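For reference, the structure is listed below as structure tokens.
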Amino acid sequence: MVCRLPLAIACTSVAAVAQAGGLPWEVWESPARLAALDARDVVLERSSHCLGGCRYDRSNAGGEGATANPYPLRWLYRDGDEVVVLDERGPGALARVWLTSGFGTSTCIDPAIRLRLYVDGAAMPALDTPLASVFDGSTVPFTPPLALGRTQSSGGYVSHVPITHAQSLRIALAGADGDGINPCTGTTQRLLWLQLQHHRLAPGTPVTSFVAGHDEAAWRAFLAHAGDDPWNGMLPFETATTSLAAGEVAVLAARGGPGWLRGIRLRLPRSAYAQVSLRVSVDGTTTIDAPLADFFASPMDAQSAARGVLVGEDAGGWLYAWFPMPFREAVSLALVAAASLPATVAIDSALAFDAAPVPADAGRFEAHLRDACSAAPALVLDHATGAGKIVGVAARYRADGAATRGYLEGDERAYVDGARVPAWYGTGVEDFYDGGFYFDHGAFAGSLAGAPVVDADGSGSTVAYRLMPTAPLTWTNAVHFEQEAGYAPAMPVPTCIRSVVYAYRRDTPLLVGYDAFEIGDAAAAAAHAYEAPAGAGCAMLEATFEDEPPSTRTALACAYAGGASRFHFHVPDAQPPLRLRRTFDGGAGTPGEQAGSAAATIHVNGVPAGAFSPAAADPSRRWQQQEALLDVAAGVTDFDIVVVPDIQPYANVFAESRWELRGGWKDAIFADGFDVAD
């Protein structure tokens, strides 16, 4: 096979300086890194979700008819004997791989399917191995707890091995849609559900690329903890025993800042977990107010105790949380007993504090509890403005007024920074929590995901947790995070979700929109010196986005197979980091066969400054959006941008309709210079 990746982007970068202390997925090196909010880090999800809001989330055709699943192939594109599931340009890392195989119940993975990882434009793969060997413990570093099979992760195959790349990463499967008999099923079907979480970093960020056989010893050691401090901080505990009666509040600690609350350990009768709440206030804001059963993902009816690396219940019956919680002025921590608590309980507590400085980029830790039931297509897990990252979710799910496990079919969708296309679009509730097929191997407890309670027949509920320290959901000015209620938007199941979202946040945005224009607006296009290449085909397009319910847009869309487009932005006092967002027609290709839009290199003022990766084809929801991180020196006011596509047989067109430049937050009140910002 011939590698067709573009040349590496070589730039000097402020991002390189900012990341010198460690990369965002290397949280095992420092608790401060987990709390850091960095606009130079974007975490995206690529999955095999069903196009057009239909029901059958997976790749490859199943037993349903073409009308029910018109685009069964969910590969990014096909190239020779390979199907490509991820093709990223620039530095970054694949932080999570989840998949399952089978129909109705999880099965083994067809041994004929091979995984090939192409790193930094190399013609030969850095890893070429049977896909099954990534999860069966036979291939270093893909061994527990970094990689798990379906018996360990209740129906799911999952890897948390960081696949790092300095220039590019291409993930391909060979034999994934062959027509021979699959020995795992006895049929010709090779149904694969998949989710990939990938970090995209600013060009120029230094990254040491993945090499086969290299083990992640520090990450492995971090995940081996299930109750004690995973950072091995050796911090002294403040211990106490508190008696708490119905309706009482007991303050466990109150500290002035700056500093960190680094560890919380509590021991009390399990019967009281749901009637005693943890309440934490940081710098005058209540950041946690939730029953212990919810916050620690430890329900009273647990079939298997939660043993997450950052939260859970240890073998000695102690509830624990190791989320680093920074405070700049003050922190207080209290336990609150519900009026219904039947008897006074004795609670042992142990708290760990750290007087280490709080970096300016540290977000405020919050754990928000939501409890809602709805027959609508989706329920909200989180909605916020400002900036932040979600590092975990713990939730209880059940059907409302019906006996069905259809509530586990719901895909997660996350919209960030005002985009209409989800940055994350999943394939099902149990898939999100690293399981498969309604957790068909029962309750389990892993370091990053688990299901303490599994509903066997639809008459009960399911409790699950997922921790995302190396693959958080990031946003720079807004997030809307929801989960479908049922099989598909058109096939809802009345669902109840009681959820806690663990996140680091700040109230002000990290990035804001600077300027934007529609190429179909003649005056705006002229003001931005827009030029499409000779031979570009342009036409008005009325189509929808991939949001739910689908938003409709009518605008001019242009596509071309050669040349380059050019335009200009003038932004006084532009602040790094910068991002370039495009809205485009992604309906040109055939899903699973040809990408909807080619990759491209972005030149700013004559220098390569970023790249767009190939975009998947979606003829059913044609409007798509992509955002590229740019490496441009501070102080630049005028941006002459040239976008040069990488046209290939599998991606033979580049499309555009709207361009937007976003950058570091600045207060427009002071833009005229009349006043001086404080």
Side-chain angles (χ1 to χ4, degrees), residues 225-230 233-256 259-282 286-325 327 330-354 365-369 371 392 394 396 443 445 450 452-453 461 463 465 498 500 502:
H225 293 264
D228 57 337
D229 183 0
M234 306 299 290
L235 298 169
F237 282 105
E238 293 185 5
T239 61
T241 298
T242 304
S243 293
L244 195 64
E248 289 186 343
V249 177
V251 176
L252 298 184
R255 286 283 192 97
W260 299 76
L261 173 58
R262 284 279 305 276
I264 302 172
R265 287 172 56 81
L266 302 172
R267 185 170 60 182
L268 67 162
R270 173 179 287 275
S271 59
Y273 285 4
Q275 295 168 300
V276 175
S277 292
L278 174 67
R279 183 178 296 167
V280 176
S281 175
V282 172
T286 299
T287 55
I288 303 170
D289 191 355
L292 304 182
D294 297 292
F295 178 77
F296 292 97
S298 298
M300 293 189 296
D301 55 344
Q303 300 158 359
S304 176
R307 293 283 160 79
V309 68
L310 295 175
V311 70
E313 181 181 15
D314 71 13
W318 284 84
L319 300 172
Y320 61 88
W322 296 103
F323 295 105
M325 304 181 193
F327 53 96
V331 64
S332 65
L333 184 147
L335 297 177
V336 182
S340 58
L341 184 68
T344 299
V345 295
I347 303 172
D348 296 324
S349 63
L351 308 177
F353 290 90
D354 189 353
F365 178 81
E366 297 184 5
H368 289 171
L369 174 67
D371 192 358
R396 180 183 289 270
V453 178
S461 60
V463 178
Y465 64 90
R498 182 179 174 89
V500 172
Y502 310 104

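Predicted, not measured: the structure shown is a model, and the values here were computed from it.
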What is the minimum heavy-atom distance between A337 and A245, and which atoms define it?
-> CB-O, 3.1 Å
Taking all heavy atoms of F353 and all of A253, pick out the closest pair and write down the distance.
-> CZ-CB, 3.8 Å
Once you round to the nearest 0.5 Å, how far does CD of E366 lie from OG1 of T287?
-> 6.0 Å
P299 backbone acceptor or donor facing R270 side chain under 3.5 Å | yes
Quick one: does I264's side chain get under 4.5 Å of L266's, heavy atoms only?
-> yes
Sub-4.5 Å side-chain heavy-atom contact between S298 and P452 | no
Would a 4.5 Å heavy-atom cut-off, applied to side chains only, mark T242 and L335 as touching?
-> no
Grab the two heavy atoms, one from S277 and one from D289, that are nearest each other, plus how far apart they are.
-> CB-OD1, 4.3 Å
Spacing of L341 atom CG and E248 atom CD [to the nearest 0.5 Å] | 9.5 Å
Can you see which heavy atom on M300 is nearest to which on S271, and at what distance?
-> SD-O, 3.1 Å
Out of curiosity, R307 CZ to Y320 OH, how far, rounded to the nearest 0.5 Å?
-> 6.5 Å
Knowing that exactly one of W260, F323, W322 qualifies, which makes a ring pair (Phe, Tyr, Trp, His ring centres under 6.0 Å) with F365?
-> F323
Side chains of P230 and L310 in contact at under 4.5 Å (non-hydrogen atoms) | yes
Please lay out, stage by stage, how L333 and I288 fare under the test side chain to side chain contact (heavy atoms under 4.5 Å, CB included).
-> CA-CA 9 Å; L333 184 147; I288 303 170; over 6 Å; no
In this structure, CG of L235 is separated from CG of L351 (nearest 0.5 Å) by 12.0 Å
Distance from D354 atom CG to R262 atom CZ, nearest 0.5 Å?
-> 5.0 Å
Would you sort out whether L319 and L292 count as a side chain to side chain contact (heavy atoms under 4.5 Å, CB included), showing the intermediate values?
-> CA-CA 8 Å; L319 300 172; L292 304 182; 4.0 Å; yes
Nearest heavy-atom approach of Y465 to A306 is CE2-CB, 3.6 Å
Do the non-hydrogen side-chain atoms of Y273 and F295 ever get within less than 4.5 Å of each other?
-> no
Salt bridge (charged side-chain N to carboxylate O under 4.0 Å, His left out) between R265 and E238, worked out | CA-CA 10 Å; R265 287 172 56 81; E238 293 185 5; over 6 Å; no
Would you check if P291 and R498 make a side-chain contact, meaning some heavy-atom pair closer than 4.5 Å?
-> yes
Check the pair V276 / L244 against side chain to side chain contact (heavy atoms under 4.5 Å, CB included), numbers first and verdict last.
-> CA-CA 9 Å; V276 175; L244 195 64; 3.9 Å; yes
With rounding to the nearest 0.5 Å, note down the distance linking CG in D228 to CE in M234.
-> 10.5 Å
Does some side-chain heavy atom of R255 sit less than 4.5 Å from a side-chain heavy atom of F327?
-> yes
Looking only at non-hydrogen atoms, find the nearest pair between A346 and P269 and report the distance.
-> O-CD, 4.1 Å
Any side-chain heavy-atom pair from R267 and D314 closer than 4.5 angstrom?
-> no
